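All heavy atoms count here, side chains included; hydrogens, waters and symmetry mates do not. Since this is a predicted model, take the numbers as computed values, not measurements. Whatever order the structure lists them in is the order used to number ligands and atoms, beginning at 1.
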Amino acid sequence: MLHLGMKSDLGQARQANEDFYLARILTSQGRKYAVLAIADGVGGQRAGEIASQTAIRNLESELVASASEAEPPIQLATLERAVRRANQAVFELSLTEERFRGMGTTLTAVLATMDELLVAHVGDSRLYLVRAGLAQQLTADHSLVCELVKTGELTAAEAKTHPQRNVLTRAIGIERQVEVDLFCQPLIKDDVILLASDGLFTLLTDQVIADYIMGTCDLQIAADQLVQAANDLGGYDNISVVLARWGWRE
Ligand code: MN
């Protein structure tokens with residue numbers, strides 16, 4: 001069985017929660033797998049909220065539809081198709097009304113079987129693998145500061161406080177086509193999968209995140225505690241987290 005924990009919170013400073021997430025179990029041909037995703041919307045007048053919800057809902061309906069197909073749905077190509085549909089849906093909606101113009105969202109999405117993760121990623125939300133008490137970031141941020149760190153123009157410490165640290169180099173819904181990072185990650189027993197918006201990991205270090213997760217076997221308690229910890233440190237942004245762990249041979 002799959003253990004889940006999830007929470008999305010307004011934080012202490014924002015007027016609206018523009019984060020949105022998905023955590024559900026699908027079954028195809030008798031095989032269970034998890035669909036996990038997180039989206040952090042950008043755009044004025046609450047358009048970010050529309051963008052993140054539109055992306056997640058389109059991703060979900062594409063994946064649900066694919067679960068009933070004869071073709072094996074647990075493939076990177078299936079996930080990629082769902083992310084491209086999400087991109088197209090947000091982009092097309094952004095053309096329909098002035099208040100939606102230029103809206104976009106991050107989207108990090110995972111199909112998780114007991115053996116492996118299939119990952120699709122656009123933007124600066126993050127996927128971590130928590131293994132043996134350590135949190136390892138699996139996704140690369142598509143952000144200006146991350147590019148500047150890569151080229152040596154900024155240090156990682158400078159990136160954390162840079163005034164343009166929220167500027168994305170890639171997002172869902174901005175253009176008709178989007179470049180999507182796609183990869184697989186093998187899973188072993190007791191691995192915890194963590195998806196989070198920047199409102200969480202900007203305030204909590206990787207080690208603090210791992211310590212909360214290792215501190216309880218109840219992932220919902222861990223999710224609640226992580227969000228509380230980010231709020232206690234200021235909660236400057238919306239805070240969202242999705243946690244999952246397979247219970248082996250139960
Ligand atoms: Mn955010």
query: What residues, two or more places apart in sequence or in another chain, satisfy side chain to side chain contact (heavy atoms under 4.5 Å, CB included) together with L10?
result: R14, N17, N238
statement: With sequence neighbours left out, the residues meeting side-chain hydrogen bond (donor to acceptor under 3.5 Å, both in side chains) with D9 are N231
task: Scan side-chain atoms only and decide if E153 and T151 contain a donor-acceptor pair under the 3.5 Å cut-off.
output: yes
- prompt: Around E175, counting heavy atoms of other residues, nucleotides and ligands shown, do more than 12 lie under 6.0 Å from its CD?
  reply: no
- request: Answer yes or no: are there more than 12 heavy-atom neighbours, outside Y212 itself, under 6.0 Å from its atom OH?
  value: no
field: Protein N, O or S within less than 2.8 Å of the Mn ion (ligand 1), waters excluded
entry: D40 OD2, D198 OD1, D237 OD2
- line: Contacts satisfying side-chain hydrogen bond (donor to acceptor under 3.5 Å, both in side chains) that involve residues 102-111 (not counting sequence neighbours) are T106-S125, T108-H121
